[in-house]
Amino acid sequence: MRIIATIAELRRALRGRTVACVPTMGNLHEGHLGLMRVAQRHGDCTVATIFVNRLQFAPHEDFDTYPRTFAADCAQLERAGVDVVFAPDEREMYPVAQGYKVAPPPELGDILEGEFRRGFFNGVCTVVLKLFNVVQPQAAVFGKKDYQQLRVIQGMVAQLALPIAIVPGETARTDDGLALSSRNSYLSPAERAQAPRLHRTLAATAQSIAAGARDYGRLEQDAIDALRRSAWAPDYVAVRRQADLQPPAPGDRDLVVLAAARLGGTRLIDNIEVSA
Ligand code: PAF
C-alpha cells in the first residue's frame with residue numbers, strides 16, 4: 001500500500017489505473033472498511049483519502065478535536081487490501097484560501113443537517129469535488145449513514161456531469177443497533193449504553209409506517225418526545241422521500257426516517273429506509 005501526500009505524486013501513481021475511491025476524514029472503523037470492500041468491486045485500484053476538511057466544520061464545531069488516528073488508519077487500510085492512501089495536509093489541499101466553492105441547491109443543502117450545520121454541505125461538496133479532480137476515480141463510495149451527504153454528492157455529480165459512479169454503502173452497526181461513527185468515541189460509558197436508543201426510536205417509526213401509519217408529522221413528534229424523555233436533545237426527526245429528501249406526498253412509497261440528536265456533548269445522526 002502506498003501512502004501519498006501530494007497531488008502531483010498521486011496523479012503519477014494513478015495514471016492509467018481504473019480507480020475506485022472512498023473519501024474519509026480518518027479515524028476509521030469497520031463501517032469505513034465495509035466501504036473499502038465495496039470500492040474494491042468497482043476498480044482495479046482502491047484509493048482511500050484521509051483529510052479532515054476544515055471547510056465543513058463551523059467555528060464552534062469539533063475540527064480541532066476531531067480524532068486523528070493516522071497510523072492506526074493506515075494499518076487497517078493495509079490489512080483491508082487498499083492500494084493507495086491519499087493523505088494531503090491542509091497546505092496541499094488549500095494552498096490559498098479556497099475562494100471557489102460548490103454549493104448544493106438550498107432545497108437539498110439547507111434542510112435537515114444543512115439547517116443545523118450551516119454551510120456544512122458547501123464544505124463537503126467543495127472538498128469532494130476537489131478530491132474527485134485530484135483522484136479522478138471512475139467510482140466513489142459514500143455510506144448511507146450520511147444519507148443526506150450521499151444525496152448531495154449524487155446531485156452534484158449528476159448536475160456537473162462528472163463521469164463518476166456514486167456507489168452507496170450500507171450502514172454498519174454494532175450488535176445493539178448503534179450506527180458506527182467516528183464520533184461514537186466521544187461517548188462516555190453511560191452515554192454509550194444509551195446511544196442505541198436513537199436507532200430503536202427510528203426503527204419504531206419505520207415500523208409504524210410499514211404498518212400503515214401516514215400521519216408523518218405525528219410520528220416525527222412522537223419520536224422527538226420519546227428521545228427527549230430519555231435525556232436526548234433532538235435537532236430533528238424527519239420522514240422524507242428517499243429520492244430528494246422532501247416531505248412525502250400522498251402515494252410516495254420509498255421513504256427514509258432521518259434524525260440528528262445530541263446525547264450529552266455528542267451529536268449523532270442515523271436513518272432507516274422504509275417502504276410505505
Ligand atoms: O463523510 C465524510 O467523512 C466527509 O464528509 C467527506 C465525504 C470525507 C468529506 O470531507
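The basis for the numbers below is simple: all heavy atoms, side chains too, and nothing from hydrogens, waters or symmetry mates. Each ligand, and each atom within it, is numbered from 1 in the order the structure gives.
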Using a 4.0 Å cutoff against the non-hydrogen atoms of [X], which atoms of ligand 1 qualify?
X: Pro23; value: 8 (C)
X: Val127; value: 9 (C), 10 (O)
X: Thr24; value: 8 (C)
X: Gln56; value: 4 (C), 5 (O), 9 (C), 10 (O)

Task: Selection residues 35-59 - residue pairs positive for salt bridge (charged side-chain N to carboxylate O under 4.0 Å, His left out), sequence neighbours left out - done: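 Every salt bridge (charged side-chain N to carboxylate O under 4.0 Å, His left out) pair that includes a residue of residues 35-59, provided the two are not neighbours, is Arg17-Asp44, Glu30-Arg37, Arg54-Glu90.
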Open item on the list: Counting only heavy atoms not in Arg214 (residues, nucleotides, ligands), do more than 12 fall under 6.0 Å from its CZ?
Closed with: yes
Task: Nearest-contact summary for atom 7 (C) of ligand 1 - protein heavy atom, Å - done: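 In this structure, atom 7 (C) of ligand 1 has Gln149 NE2, 3.6 Å as its nearest protein heavy atom.
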Task: Donor + acceptor pair across side chains of Gln194, Arg197 (<3.5 Å) - done: yes
Task: Electrostatic pair Lys145:Glu170 at N-O distance under 4.0 angstrom - done: no
Open item on the list: Between Asp222 and Arg218, does any side-chain N to carboxylate O distance fall below 4.0 Å?
Closed with: yes
